[in-house]
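The structure is given below, and queries will be raised subsequently.
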Amino acid sequence: MSERYDAVVVGASLAGCSAATLLARRGARVALIERRPNLTDYKRTCTHFIQASATPTIQRLGLAERIEAAGGLRNGLELWTRYGWIRPRLDEASPYPAYGYSIRREKLDPIVRELAADAGAELLLGQTAVDLVRANGRIDGAVVEGRDRERRELRARIVVAADGRGSRIAKLAGVPGRIRPHNRFAYFAYFRDLPARSGSHAMLWFLDPDGCAVFPNDNGVTLIAAMPTRDKLPEFKRDPEAAVLRYYTQLPDAPDPRTGTRISPWIGKIDVPNVSRPAARPGIAFVGDAAMASDPLWGVGCGFALQSGEWLAEAIGDALVDDDDLNPALDRYRRHHRRMLAAHHWMMCDYATGRPFSPVEKLLFSSAARDDETARLFHAIGSRSVPFQDRVNARLLARALRVAVTSRGRSPARVRPAVRALPG
Ligand SMILES: Cc1cc2nc3c(=O)[nH]c(=O)nc-3n(C[C@H](O)[C@H](O)[C@H](O)COP(=O)(O)OP(=O)(O)OC[C@H]3O[C@@H](n4cnc5c(N)ncnc54)[C@H](O)[C@@H]3O)c2cc1C
């Protein structure tokens, strides 16, 4: 049996639903394939912080109202290094989005699927893409298999791989990813009655090289995470709670997990390689983690997933609906994706090795902790609202240097001795 669509999107999570929604709204006939059987299924390994870079996309998708109605929070990020807190003061006049969103995936994933279905995408749940259809030497759709093992061919002018970090579609298409090692792992758990001092803002401690983070989420749930370098893994495997507590009882301004109610087991994610590949080839496009999956320490994957879905729909929408040649549009998408994200990804991969701060990072962190304008520029880059190579980065460096020179002699915030003595 063979059915014809304009686009077959594999993976009904953030990237796939973003692309499917926007393509369907442009009038394309879209099949949205998801191997999980229920609309309410969701991704479990996520800490749910969506960077401000994605807020314009979230608004254009019409997701903002749905997220807020489900209890999602407008977030921000407060970042601690041994130089003190960086708390960017942002307002409506800021040229960069001032806030992102925090909402658990158990709430968000069903919302994005409903959004895609409301836009007219045909949501096929419980269907796994197991092969690609080829005709005349080019990709011409996907073979999907239901839970009853019945197979169907879904033919389409384009297959959109939105199937995550380990993309099977990429393997089937022969587009291998470039894998860069990741020298950290993550443990996290959910709590109630554990408010953060930062309100709805996340708190991130860069302990150089370990990381810890608190993510306030929807409906009074707070997520506590530790992301240390791999040499600490045996200790975490032995007793995750004790290992996490050893950090949290010493972190400046952190909530004490012992005062809250833990409502989940400790969840460990040990292997999270950094993967990237060209975001398009003839007949196929990659969005979200399938195109680029970076170190979760930076909380960028959800935003990049929503944004790359939009970039793809923008690039190919007209050609798809008007039956024009798709290849130039796909090439535009590939180049745009690379321009916006490749340098960010490179920076995250470099830090994912577990190396200590570089001299430039020390300069940026110490200046941003003392100076509001440096902190604001830092937010533009850190929230990924501009490409890493944008001239904002040059302004940030220049400003940081000036702050460092003019404040010479004034010592930055003191390092608490207890924090210096963290395990490891
Ligand atoms: C520990 C951890 C914490 C993280 N925390 C954050 C955070 O705080 N903020 C942030 O922005 N990012 C975070 N991330 C990253 C974020 O979760 C991902 O970047 C994001 O989910 C990517 O979305 P996606 O739609 O590309 O892929 P996914 O969400 O992985 O979805 C892929 C979808 O494809 C489906 N699928 C796969 N194969 C097939 C197939 N063959 N056929 C049909 N369907 C298929 C899957 O079932 C799934 O629904 C974290 C990641 C980890 C590991």
Side-chain angles (χ1 to χ4, degrees), residues 8-20 31-39 41-54 75 77 100-105 108-110 112-113 116 123-132 142-147 154 159-172 182 184-189 202 204 211 213-217 223 225-227 267-275 279 286-309 312 341 345 348 383-384:
V8 170
V9 179
V10 179
S13 181
L14 303 183
C17 290
S18 169
L32 177 56
I33 311 304
E34 173 53 51
R35 69 179 172 199
R36 293 183 170 125
N38 304 305
L39 185 104
D41 289 332
Y42 60 93
K43 186 176 177 94
R44 281 157 202 274
T45 47
C46 192
T47 52
H48 321 292
F49 181 86
I50 308 178
Q51 289 281 3
S53 66
N75 69 25
L77 181 64
Y101 283 99
S102 291
I103 178 166
R104 283 170 298 159
R105 299 292 294 270
L108 181 60
D109 290 10
V112 292
R113 289 193 189 117
L123 178 58
L124 301 171
L125 294 168
Q127 300 285 328
T128 302
V130 290
D131 207 349
L132 291 170
V143 179
V144 300
E145 185 178 276
R147 296 175 86 76
L154 308 182
V159 171
V160 178
D163 54 341
R165 196 176 286 258
S167 176
R168 177 178 188 171
I169 297 298
K171 287 181 197 106
L172 290 168
H182 187 220
R184 287 195 190 81
F185 60 93
Y187 268 84
F188 61 93
L204 176 59
V214 167
F215 297 102
N217 257 287
L223 186 148
M227 295 176 229
I267 300 162
K269 183 73 182 161
I270 313 296
D271 290 310
V272 201
N274 299 286
V275 189
F286 301 92
V287 289
D289 275 10
M292 178 181 287
S294 313
D295 182 354
L297 177 71
W298 302 90
V300 295
C302 298
F304 287 178
L306 294 165
Q307 289 173 264
S308 57
L312 177 69
L341 303 186
H345 182 69
M348 289 184 271
S383 68
R384 272 71 193 180

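In listed order, ligands and their atoms are each counted from 1. All values below come from the heavy atoms of this structure, side chains included, with hydrogens, waters and symmetry mates left out. A quick note: this is a predicted structure, and the numbers were derived from the prediction, not measured.
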Item to complete: Report the nearest protein non-hydrogen atom to atom 26 (O) of ligand 1: residue, atom name, distance rounded to 0.1 Å.
Response: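 Nearest protein contact, heavy atoms only, for atom 26 (O) of ligand 1 is Asp289 N, 2.8 Å.
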Worksheet item: What residue and heavy atom of the protein are closest to atom 14 (N) of ligand 1, and at what distance?
Response: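 Closest protein heavy atom to atom 14 (N) of ligand 1: Cys46 SG, 4.0 Å.
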Worksheet entry | Proximal atoms of ligand 1 relative to Gly299 (non-hydrogen, under 4.0 Å) |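 So the answer, numbered in order with elements, is 7 (C), 9 (N), 10 (C), 11 (O).
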Item to complete: Give yes or no for whether the N/O distance cutoff of 3.5 Å, strictly under, is met between Arg36 and ligand 1.
Response: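 Yes; the residue has a nitrogen or oxygen that sits under 3.5 Å from a nitrogen or oxygen of the ligand.
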Worksheet item: For ligand 1, is there an N or O atom under 3.5 Å from any N or O atom of Ala12?
Response: no
Item to complete: Around atom 31 (O) of ligand 1, find the nearest protein heavy atom and jot down its residue, atom name and distance.
Response: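 For atom 31 (O) of ligand 1, the nearest protein heavy atom is Ser13 CB, 3.0 Å.
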Worksheet item: Considering only heavy atoms of Val300, which atoms of ligand 1 have at least one such atom less than 4.0 Å away?
Response: 10 (C), 11 (O)
Practice prompt. State the atoms of ligand 1, each with its element, that fall below the 4.0 Å cut-off from a heavy-atom position in His48.
Written response: 7 (C), 8 (O)
Worksheet, complete the sentence: Under 4.0 Å from one or more heavy atoms of Ala162, ligand 1 contributes atoms 32 (C), 33 (C), 34 (O)
Discussion item. Within ligand 1, which atoms have a heavy atom of Gly288 less than 4.0 Å away?
Written reply: 26 (O)
Practice prompt. Would you mind checking which non-hydrogen protein atom is closest to atom 27 (O) of ligand 1, with the distance to 0.1 Å?
Written response: Gly164 CA, 3.8 Å
Worksheet item: Which residue owns the protein heavy atom closest to atom 46 (C) of ligand 1, what's the atom, and how far is it?
Response: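 Looking only at protein heavy atoms, the one closest to atom 46 (C) of ligand 1 is Glu34 OE2, 3.6 Å.
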Practice prompt. Can you sort out the partners of Arg184 under salt bridge (charged side-chain N to carboxylate O under 4.0 Å, His left out), two or more places apart, ordered by chain and number?
Written response: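 By the salt bridge (charged side-chain N to carboxylate O under 4.0 Å, His left out) rule, Arg184 matches Asp295.
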Discussion item. Suppose I only count heavy atoms of Val10 and a 4.0 Å limit; which atoms of ligand 1 are within that range?
Written reply: 40 (C), 42 (N), 43 (C)
Fill in: Sub-4.0 Å heavy-atom approach of Arg105 to ligand 1
yes
Worksheet entry | Atoms in ligand 1 with a heavy atom of Ala15 nearer than 4.0 Å | 25 (O), 26 (O)
